[in-house]
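Below you'll find the structure, written out as structure tokens, and then a few comments.
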Amino acid sequence: MSSNGDLQFSVLAEVFERMEEITSRNALTDMLIDLFKRAPPEILDEIVYLMQGKLYPDFVGVELGVGEKLLLRAISLASGLSQERVEELYRKLGDIGRAAEEAEKSRKQVVLFREPLTVHRVYTTLERVAKASGEGAQDSKVKLLASLFNDAEPLEARYLARIVMGRLRLGVADYTVLDALAVAFGGTKEAREVVERAYNVSSDLGLVARTVAAEGLEGLKSIRITVGRPIRPMLAERLSSPKEILDKMGGKVAAEYKFDGERMQVHRSGDRVMVFSRRLENITSHYPDVVEIARTGLRSSDAIVEGEGVAFDADTGEFLPFQELMHRRRKYGVEKAMEEYPVSLYLFDVIYADGVDYTTRPYMERRKKLEEIVEVGERMNIAPMMMTSDPDEMERFMMEAIEKGCEGLVVKDPSSVYRAGAREWSWIKLKREYRSEMTDTVDLVIVGAFHGRGKRAGVYGAYLLAAYDQGSDTFKTVCKVGTGFTDEDLRNFHDMLQQYVIDHRHPRVDSKMDADVWFVPQVVIEVLAAEITLSPIHTAAWGAIRPGAGLALRFPRYTGKLRTDKGPEDATTVTELVEMYRSQIKKIEETPSEGS
DNA sequence: TGTGGCTGCCC
DNA sequence: ATTCTGC
DNA sequence: GCAGAATGGGCAGCCACA
């Protein structure tokens with residue numbers, strides 16, 4: 001069955017296959033344009049959602065609930081290959097789509113009545129997968145997925161699996177889809193801007209596709225900011241010094257404290273308040289206190305404002321670490337968590353207020369409006385800001401922010417409009433850790449590795465790292481690291497480490513984590529991190545700070561320095577990590593308490 | 001009823 | 001979150 | 001410089017299973 005308002009899934013798979021050969025974004029866009037024009041408009045939104053690895057926009061809150069493991073089970077069930085065999089294929093190929101494809105090819109018995117897959121069938125079946133819950137849900141999900149693989153040709157299986165994982169890996173994502181939609185259905189030069197605007201405001205790529213295909217640009221223009229519907233957030237670039245930032249922006253800039261909490265987009269319409277996360281999930285039910293703060297602390301009864309929610313200690317007023325705030329992301333026991341980890345709000349922007357769309361207004365005007373509509377109170381605040389054109393002044397302001405428990409600064413171009421994405425360097429993050437002379441690096445021993453996926457197929461994608469414990473003369477894990485390596489590093493490390501590969505975890509390595517490959521502890525590398533956190537899984541300094549917890553690194557990355565000069569026993573020690581952990585705590589404790 | 005694996009989403 | 005890479 | 005694709009720690013919720 002085909003045609004009416006549907007598309008053979010094989011057509012999609014063939015387009016994807018051709019796209020996979022290509023790296024030029026222009027060429028990829030052209031192919032997408034062609035696909036969008038050929039596709040029946042009724043399912044254009046489904047194609048777009050599937051390409052994003054979704055069924056609905058994020059704020060709908062419906063998830064597939066299928067990851068790597070369940071998908072492997074489904075591939076195994078459909079192909080008749082054992083779970084182990086499928087996992088082996090995956091390990092070898094580094095791509096679950098290719099594993100599904102090979103599994104499909106190797107299938108012994110030919111399916112007699114194969115019902116060709118269509119896009120709509122894939123979409124609706126995945127909807128059923130998402131809906132399955134309760135007892136037996138995993139089996140149901142696996143069976144539904146297997147029903148698709150059963151009817152899939154090998155090439156279709158490749159992309160089906162990748163869609164389910166949300167990793168199409170074609171070098172095409174939201175912005176390329178927007179480009180293609182603009183050309184396919186907009187035609188004019190202003191089209192791209194209108195299409196992007198509609199996306200930023202609606203946060204729904206499927207809606208944009210559906211609308212532009214059916215009603216053209218005029219249709220898109222009717223998509224406006226609506227209280228209760230999340231806006232795609234503006235993002236920031238990073239630089240490592242005030243001078244670089246000032247060079248980039250020129251003139252006076254606005255520097256704001258950057259809090260270490262959860263970004264919150266707060267929508268208020270009368271008594272009704274909704275809170276959205278950075279990824280536009282509806283998190284209103286997690287934060288009844290924030291709802292109340294917004295209801296009473298905003299002078300505008302019809303507004304969208306944005307800020308950071310930060311947990312604080314009710315007794316001392318000190319900020320709590322991000323880790324503690326995470327206890328608030330819960331469905332049950334919200335009331336108790338609210339008492340234990342109260343949140344205060346530090347607003348930094350206004351997107352909409354009293355019928356006016358502020359996204360097109362310059363930063364300074366938005367800031368002024370924000371100050372007008374916010375009634376600063378015990379738990380309702382505006383992020384501290386200063387205007388400066390002096391790097392030293394900015395530096396002092398950053399140190400002040402850090403002493404108060406913030407991560408650093410976000411520096412903003414005073415004339416810039418609110419635009420989603422990290423565009424045109426109008427917001428720039430400045431964190432202490434970006435400056436090597438301000439942050440300690442650590443030297444850690446490579447004790448294990450994990451097979452790389454996708455473009456890292458064939459080399460290790462990440463390494464398991466450990467610190468040296470003098471007391472027991474063993475190596476205790478602290479983190480994995482998978483970023484900071486150039487492609488060349490990855491190849492070199494992979495080859496160089498072969499001589500140290502062993503069958504099992506080395507007896508001198510203490511790890512709760514199971515690596516794909518274990519090594520004799522020998523190679524030491526330099527790693528940079530934002531801070532040291534308590535860890536339920538890493539074994540370094542286990543129990544030293546808190547029973548049942550070790551220490552781990554937050555945001556670890558390889559600095560590019562291979563410490564050939566160091567033997568494994570010369571690596572950073574567990575004792576040193578404990579000292580580093582304590583000194584960062586001390587820094588927070590020295591902070592004068594929050595000026596209520 | 002408790003535990004552990006998996007998943008999704010914060011950073 | 002951070003980082004690297006092709007265009 | 002943009003857009004995309006690799007990769008991190010760790011939390012709660014859900015489901016399977018002992």
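By convention in this document, chain letters (A, B, ...) are assigned in the order of the sequence lines, proteins followed by strands, and residues within each chain are numbered from 1.
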Pairing residues for A:K429 by the salt bridge (Lys or Arg N to Asp or Glu O under 4.0 Å) criterion, not counting sequence neighbours: none

Between D:dG10 and A:T533, is there an OP1 or OP2 to side-chain N/O distance shorter than 4.0 Å? yes

Heavy atoms under 4.0 Å, any strand shown: does A:Y175 hit a base, just sugar-phosphate, or nothing? sugar-phosphate

Would you say A:K480 places a side-chain N or O within less than 4.0 Å of OP1 or OP2 belonging to D:dG8? yes

For residues 233-241 of chain A, run the donor-acceptor check on the side chains, cut-off 3.5 Å, and write out each pair with its distance to 0.1 Å, sequence neighbours left out.
| unit_1 | atom_1 | unit_2 | atom_2 | d |
| --- | --- | --- | --- | --- |
| A:S240 | OG | A:E244 | OE1 | 2.8 |
| A:S241 | OG | A:E244 | N | 3.2 |
| A:S241 | OG | A:E244 | OE1 | 3.2 |

Quick one: on DNA chain D, does A:S535 or A:Q138 contact a more 5' nucleotide (nearest heavy atom)? A:S535

Does a side-chain N or O of A:R329 approach OP1 or OP2 of B:dC10 to a distance below 4.0 Å, or not? yes

With a non-hydrogen cut-off below 4.0 angstrom, is A:F450 in contact with a base, only sugar-phosphate, or nothing? nothing

My understanding is that only residues two or more places apart in sequence, or in another chain, count here; which of them pass salt bridge (Lys or Arg N to Asp or Glu O under 4.0 Å) with A:D30? none

I need the A:K412 NZ to A:D349 CG distance, nearest 0.5 Å. 5.5 Å

Between A:T486 and A:E433, who's closer to the 5' end of DNA chain C by nearest nucleotide? A:E433

Would you say A:Q323 places a side-chain N or O within less than 4.0 Å of OP1 or OP2 belonging to B:dC11? no

Checking A:R456 now: which residues fulfil side chain to side chain donor-acceptor pair (under 3.5 Å) with it, not counting sequence neighbours? none

Give, for atom NZ of A:K476 and atom CG of A:L551, the distance between the pair rounded to the nearest 0.5 Å. 12.0 Å

Just call it for A:R278: base, sugar-phosphate, or nothing, with non-hydrogen atoms closer than 4.0 Å on any strand. sugar-phosphate

Scan A:G421 against the nucleic acid and name what it touches under 4.0 Å (heavy atoms): base, sugar-phosphate only, or nothing. nothing

Which string of ( ) [ ] | and . matches DNA chain B, if you list each base 5' to 3' and count Watson-Crick or G-U pairs only when both distances are under 3.5 Å? |||||||||||

Mind checking A:Y434 for me? I need base, sugar-phosphate or nothing, with any heavy atom below 4.0 Å counting as a touch. sugar-phosphate

Output yes when at least one side-chain N/O atom of A:K331 is less than 4.0 Å from OP1 or OP2 of D:dC14, else no. yes

Any non-hydrogen side-chain atom of A:H538 less than 4.5 Å from a side-chain atom of A:L464? yes

Looking for any heavy atom pair under 4.0 Å, which part of the strands does A:K431 touch: base, sugar-phosphate only, or nothing? sugar-phosphate

Cation-pi check, A:K480 to A:F450: give yes when NZ or CZ is under 6.0 Å from the six-membered ring centre and within 45° of the ring axis, no otherwise. yes

Looking across every strand, which nucleic acid part, if any, lies under 4.0 Å from A:R453 by heavy atom: base, sugar-phosphate, or nothing? sugar-phosphate

Both A:D487 and A:K258 contact DNA chain C. Which one's nearest nucleotide lies toward the 5' end? A:K258

From NZ (A:K431) to CZ (A:F555), nearest 0.5 Å: 5.0 Å

What is the nucleic acid contact for A:K69, judged by heavy atoms within less than 4.0 Å: base, sugar-phosphate only, or nothing? sugar-phosphate

Choose from D:dC2, D:dG9, D:dC15 the nucleotide whose nearest atom is closest to any side-chain atom of A:W425. D:dC2

Given the side-chain rings of A:Y558 and A:F493, with only the six-membered ring counted for Trp, is the space between their centroids under 6.0 Å? yes

With heavy atoms of chain A within less than 4.0 Å as the criterion, where does contact along DNA chain C begin and end? C:dA1 to C:dC7

Taking OP1 and OP2 of D:dA6, is either one under 4.0 Å from a side-chain nitrogen or oxygen of A:R456? no

Would one find a side-chain N or O of A:S277 under 4.0 angstrom from OP1 or OP2 of B:dC10? yes

